[in-house]
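Sequence positions, counted from 1, serve as the residue numbers for this chain.
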Amino acid sequence: MAIKNTSGFVGSVLQWRSWSIRTRLLVIAVFPVVYLFFSLISYSYYARLKEVEEELTARAKTITTALAEGVEYNVIAANVQGIKQMIYGVIQTDRSVYRIDIFDANKQELSHVENAGRAKPEKNYVELPIKRHMVWVNLHTEIHDSLYKLDPAKEKNQAVLGYVRVTMTKTYLLDKQRYRFSIELLMSVLALTVSAWLAWFLSRGLTRPLHGAIEALRDISAGRTETQIAISHGGEIGELQSSINEMAHNLHQSQTHLENTVAERTKELIVSRNDALKADAEKRRLIHKVNAIVENERQSIAVEIHDELNASLIAVRLESERIAKIAAKAEHDERFAPVLQEIQERAKAVVKLALDLYANGRNLVRRLRPEVLDMLGLEGAIEEMLRLYNAAHEDCHFDFASEGDFAQLDGDLAISAYRIVQEACSNILKHAQAKNVEITLQMNPDQSHLLIKVIDDGIGFETEQVAAGIGISGMRERVLAWGGEFELDSKVGEGTRIEITLPVTS
């Protein structure tokens, strides 16, 4: 588990580029102080331990040497009480001495004194021999040599009288060093705390304006260009804050200018749109009026053809028949037989031409003003028109379906719907190469809209690539003149679908 935590810490350190500025500043400021703190504390701790050991060794040697020289007389005199008082006095004066042992030359203990406190002895001790340091003087000399004289044979006897063993304890020295180390540790921790707090305070004072600058930039990016921040620092931070304020001010001016330009342009576009809508409405009214005028003119021409041309043709036919009858009565005169025969044939030809002209006039009248529309209504007129188409074109079949009541339909709207269906069928016959055509006429239940559907299975075309012809444009203009909706859907090889919705006016 510790390995995982260590690896995670190392990985986070390797990702230092993702640290915040405050984290980096804290690391830069605190890490050297922490490193120095632990280094100094470790060095001080081990240095004091080493100092205690060295001091203890030096004291042990000094005390042992002093005792070895000081107890010489008492050892020679076998004064155990004096030896004990001397070593007891040494232990009383130096608490770092744990035990002092005095041995004779045969390593037999003469006396010992032990520190009675809580001290613990060291494993190692210092032991020195007690040597004889007496000087012998020869008193048996001649009278004229009244001064003492050293015996050169017996200058000094260095015989070992015994041994001194000193066992030290470092408990009290360690307590003293621990106390000093505690003071040093406390001061170091206090210094480390002050340094960490100072680093945190300074980093906070640096990152707070940076956070404010970042928030201001976010507000400016969100479109609130009127944002301004207080310049709270000097140096680079103050220059950054001043630059952000200047940038926001310039952006706000540019945005205001752009908004004013857009507002002015929008007003102009609204005026242009209103003018276009007004022109479009005028265009639709004009188209509607033109269609009405055209239909009225067609009706007038149809009436004139029906009343005058047909009447004249009937008169021509009757006169031709009468001429033929007169020629037939004069056939018994052989002199005029060939002439009368030719007159009779010419009269019959005139009669036939009059009948043909009469029939053509009737067809022209029906085209100009469908009489069936007045007699059968919109539904019957379309059905009759499709019947004639089916009779005239065997390769294309027209199916018709209707739904709703068309009796109350306005006459002008009925004529427009009839012309739209007529133009759609004409376009199919000219261009679609369709085999089947479905035409649906539907009045919605509330009598507010008339729906016309024309669907064929012809070759179709791409509506985006092929320009609308006169027929489709005419149908669309008729629909828009009534304020209706015109939808055209076609694809190559999938036929064409036309849906038209015309509002029904009451």
Side-chain angles (χ1 to χ4, degrees), residues 41-141 147-185:
I41 291 299
S42 301
Y43 173 77
S44 177
Y45 179 77
Y46 288 107
R48 290 188 178 280
L49 289 180
K50 189 67 176 178
E51 181 182 350
V52 168
E53 292 177 357
E54 291 177 354
E55 183 179 356
L56 203 65
T57 302
R59 286 189 181 187
K61 290 182 180 179
T62 302
I63 293 171
T64 305
T65 303
L67 285 176
E69 294 177 357
V71 299
E72 175 186 357
Y73 173 78
N74 290 324
V75 171
I76 294 174
N79 186 5
V80 176
Q81 187 65 29
I83 294 172
K84 180 170 280 190
Q85 287 180 355
M86 181 177 290
I87 60 178
Y88 182 77
V90 171
I91 287 182
Q92 289 296 322
T93 57
D94 193 344
R95 298 181 64 188
S96 60
V97 179
Y98 178 79
R99 180 183 175 114
I100 299 176
D101 295 284
I102 305 296
F103 300 96
D104 59 12
N106 297 322
K107 288 290 184 84
Q108 297 295 323
E109 182 179 321
L110 296 178
S111 178
H112 78 274
V113 176
E114 185 175 337
N115 194 332
R118 58 180 180 81
K120 294 182 180 179
E122 291 293 307
K123 295 181 180 180
N124 300 323
Y125 55 85
V126 177
E127 185 178 293
L128 291 176
I130 304 173
K131 295 181 180 181
R132 187 188 301 270
H133 292 88
M134 299 297 291
V135 177
W136 293 91
V137 180
N138 188 1
L139 300 177
H140 302 281
T141 60
L147 296 176
Y148 289 101
K149 188 176 181 180
L150 293 176
D151 188 352
K154 300 178 181 179
E155 290 182 357
K156 201 174 270 191
N157 189 350
Q158 295 291 335
V160 176
L161 301 177
Y163 296 91
V164 177
R165 179 184 296 174
V166 177
T167 303
M168 304 296 289
T169 177
K170 59 182 179 181
T171 301
Y172 299 107
L173 289 178
L174 286 178
D175 289 343
K176 184 186 294 184
Q177 295 296 340
R178 286 195 186 98
Y179 175 75
R180 294 178 180 176
F181 181 76
S182 299
I183 298 300
E184 292 179 358
L185 182 62

For the atom pair [atom1] ([X]) and [atom2] ([Y]), what is the distance rounded to the nearest 0.5 Å?
| X | Y | atom1 | atom2 | result |
| --- | --- | --- | --- | --- |
| I87 | L67 | CD1 | CG | 7.5 Å |
| S96 | I63 | OG | CD1 | 5.5 Å |
| T167 | D101 | OG1 | CG | 6.0 Å |
| I130 | L110 | CD1 | CG | 7.5 Å |

Restricting to non-hydrogen atoms, name the atom on [X] and the atom on [Y] that form the minimum distance, rounded to 0.1 Å.
| X | Y | answer |
| --- | --- | --- |
| E72 | L161 | CG-CD1, 3.8 Å |
| R59 | D94 | NH1-OD1, 3.0 Å |
| Y163 | A105 | CE1-O, 3.8 Å |
| I83 | V75 | CD1-CG2, 3.9 Å |
| T64 | E127 | CG2-C, 4.3 Å |
| K120 | T171 | N-OG1, 3.2 Å |

**OP:** Go through the steps to decide whether K176 and E55 satisfy the test salt bridge (charged side-chain N to carboxylate O under 4.0 Å, His left out), and finish with yes or no.
**Re:** CA-CA 13 Å; K176 184 186 294 184; E55 183 179 356; over 6 Å; no
[X] vs [Y] side-chain heavy atoms within contact, under 4.5 Å:
| X | Y | result |
| --- | --- | --- |
| H112 | I100 | no |
| L185 | I41 | yes |
| F103 | R165 | yes |
| R180 | I183 | no |
| N124 | T57 | no |
| L56 | T169 | no |
| M168 | Y125 | no |
| I102 | M86 | no |

Original post:
Is a donor on one side and an acceptor on the other found under 3.5 Å between the side chain of N106 and the backbone of Q108?
Top reply: no
Original post:
Is the count of non-hydrogen atoms from other residues, nucleotides or ligands lying under 6.0 Å from Y45 atom OH greater than 12?
Top reply: no
**OP:** For atom CZ of R48, decide whether the heavy atoms of other residues, nucleotides or ligands shown that lie under 6.0 angstrom number more than 12.
**Re:** yes
Original post:
side-chain hydrogen bond (donor to acceptor under 3.5 Å, both in side chains) with Y88: which of K84, Q85, Q92?
Top reply: Q92
